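Each remark here refers to the structure printed beneath this line.
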Number of protein chains: 2
Amino acid sequence: MSSDTGPTPPRRRSFRGVAPEARKQLRRQQLIDAAIEAFGERGFHGVTVREICAGAQLTERYFYESFRGLDALFIAVYSQLNGELRDATLQALANTEKQPLGLAEAGLRVFFEYVRNDPRRARIMLIEAVSIGHDSRRIAEEATRNFMNLTRDVVDRLIPQARKLGIDVDLLSAALVGANIHAATRWLQEGFSTPLETVMFTIGSMYRTLINHMGGEAQRSLIASKVKTAAPSGARGTPRPALKSK
Amino acid sequence: MSSDTGPTPPRRRSFRGVAPEARKQLRRQQLIDAAIEAFGERGFHGVTVREICAGAQLTERYFYESFRGLDALFIAVYSQLNGELRDATLQALANTEKQPLGLAEAGLRVFFEYVRNDPRRARIMLIEAVSIGHDSRRIAEEATRNFMNLTRDVVDRLIPQARKLGIDVDLLSAALVGANIHAATRWLQEGFSTPLETVMFTIGSMYRTLINHMGGEAQRSLIASKVKTAAPSGARGTPRPALKSK
DNA sequence: ATAAAGTGACAACAGTCGTTGTCAAAACTA
DNA sequence: TAGTTTTGACAACGACTGTTGTCACTTTAT
């Protein structure tokens, strides 16, 4: 029962003037940067550990120093990109008048500018992230859900009557996020030949129309579908199928 | 210079009562069915040729008899699923009164029912197809584009003034298709706990609102943005950025 | 200066995959 | 029945991957 801690633990030193922990973080970031390049160019499944290491100018040992495998690296990459976009969004929102429609426009603009400014990052976030195996996908789902929740809050505030009319606000938010993602993906694949302002005007008009009219339209269709029972009170009640209006 | 055609070409025969060509087509379909199961369950990148063959109860030789590789098989799978959905859509449209809004509802219903009735096929069409390497993806892009074009024609007919107001109709269609896909994907991942009619009501309300009000809303924002020059005549002209309304 | 820690290039290993080939048994034709 | 086609099971090959290990060289600390 001595206080022997086993074989001598190596004493860590500085190297080229930087502390051990800082060196490790630096290497980690090099790997992430190389991964953004590789994933964005060839996709998650077209990339190997060796390629990442070559791109980062590091050897495999340092890869496993920071990541358990490619999945973990992808999660780190996605987290970083998602954080960048989130921060840019929050900053833009902070610099905008607190009009709800203005906020929505600012968020849209940040999103589309982010996509245009770095197509590789866009590909990772928009395309790769939703298609990885069960391990990494949850992160992407969670991040997408964050944006969806943000959208849902906006919807809840701007179309407050929606919920009472039987609209599934979560589903609607998912649809709107999907509209953004798909529009951005198409814009990306077309080489951004459409001017940003045209994109903003098109998608913005869509949002504005929904915000200004969706509540009334849903209510009208409820009435038109002859539901004379008590108004469906928000719960899981299935509204009538009818879709005709006017 | 004899009429010798080289080594004797093997004379083909029937087997268990079915002709050679029919046997080949049968095997091909077995492989496709096994692939739907495998791709839908484990995703394109989690599947091997050997697994497909085991699932189809065939050996590798017959795999390469019908397909050059997994890419080709995936293309065949996707084509089949896409054809099924397309046929179901066309049939539903044929059995519907020719009211534009009714047609839109019928199309939506077919789409969501198709997704719910076979989640594996849905995963292949909604998730896997957009994430494959450059080879197979073009097929999915083309098929998605078909749906987008269909949507675009609907938009062009139901919101005829959109184009003149500076809205990019192709982009709007892409966004709407994306809204459908994302809503369906979320519905799938939630285990279809939301009733179909609620989904129909929510997404249907979205469409109906856009159809009935988007033209007017876009025009209003154009006026509000003080564009007093001649109305942008449909072409690539960049509309004003402003989004505020009312 | 000398010993230890850090680094980089790369060998080595086991595993898997796509793909082609072998071969005997089953089924068919004559 | 005899010969040929078809089938199924599986071996074999090369290529690639993730992962760990080796070793000489550089930098640091004493």
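Throughout, protein chains are lettered first and strands after them, A, B, ... in sequence-line order, and every chain is numbered starting at 1. Everything quoted here is computed from the prediction, not taken from an experiment.
From B:Phe112, atom CZ reaches atom CG of B:Leu188 across 12.0 Å, with rounding to the nearest 0.5 Å.
Whole-Å rounding puts the B:Phe67 CZ to C:dG18 P distance at 15 Å. For the pair A:Phe44 CZ and D:dT17 C1', the interatomic distance rounds to 13 Å; values are reported in whole Å. A straight line from CD of A:Glu60 to C1' of C:dG6 spans 17 Å, rounded to a whole angstrom. Distance CG (B:Leu58) to P (C:dT19): 17 Å, rounded to an integer number of Å. Look at OH on A:Tyr62: it is 18 Å from P on D:dT19, rounded to the nearest Å. Residue A:Leu26 contributes atom CG, which lies 15 Å from atom C1' of C:dG6 at whole-angstrom precision. What separates CG of A:Leu73 from C1' of D:dT19 is a distance of 16 Å, to the nearest Å. Taking atom CZ of A:Arg12 as the reference point, atom C1' of D:dT27 lies 16 Å away to the nearest angstrom.
For A:Thr59, the listed nucleotide lying nearest its side chain is C:dG8; candidates were C:dG6, D:dT19, C:dG8. With C:dC28, D:dT17, C:dT7 as the candidates, the nucleotide lying closest to the side chain of A:Arg27 is C:dT7. Side-chain proximity of A:Arg23 to C:dA27, D:dA9, C:dG6: nearest is C:dG6. Of the listed nucleotides (C:dC28, D:dT17, C:dG6), C:dC28 has the atom at the smallest distance from the side chain of B:Phe15. In the set D:dT4, C:dA9, D:dT6, D:dT4 carries the atom at the smallest distance from any side-chain atom of B:Arg13. Taking the side chain of A:Arg16 as heavy atoms from C-beta on, and the options D:dT27, D:dG18, C:dA9, the nearest nucleotide is D:dT27.
Residues B:Ser14 and B:Gly69 both approach DNA chain C. Their nearest nucleotides, taken by heavy-atom distance, put B:Gly69 toward the 5′ side.
For A:Arg61 and D:dG21, a side-chain-to-base donor-acceptor distance below 3.5 Å is absent, hydrogens and geometry of angles not being considered.
Between the side chain of A:Thr198 and the backbone N or O of A:Thr194, no donor-acceptor pair lies under 3.5 Å.
At the heavy-atom level, B:Arg50 lies under 4.0 Å from base atoms of the strands shown.
At the phosphate of C:dG18, neither OP1 nor OP2 sits under 4.0 Å from any side-chain N or O atom of B:Tyr64.
Salt bridge present: A:Glu190 and A:Arg186 bring a charged side-chain N and a carboxylate O closer than 4.0 Å.
When each of B:Glu84, B:Glu41, B:Glu37, B:Glu128 is checked for a salt bridge (Lys or Arg N to Asp or Glu O under 4.0 Å) with B:Arg121, only B:Glu84 meets the rule.
The side-chain heavy atoms of B:Leu73 and B:Leu70, taken from C-beta on, include a pair separated by under 4.5 Å.
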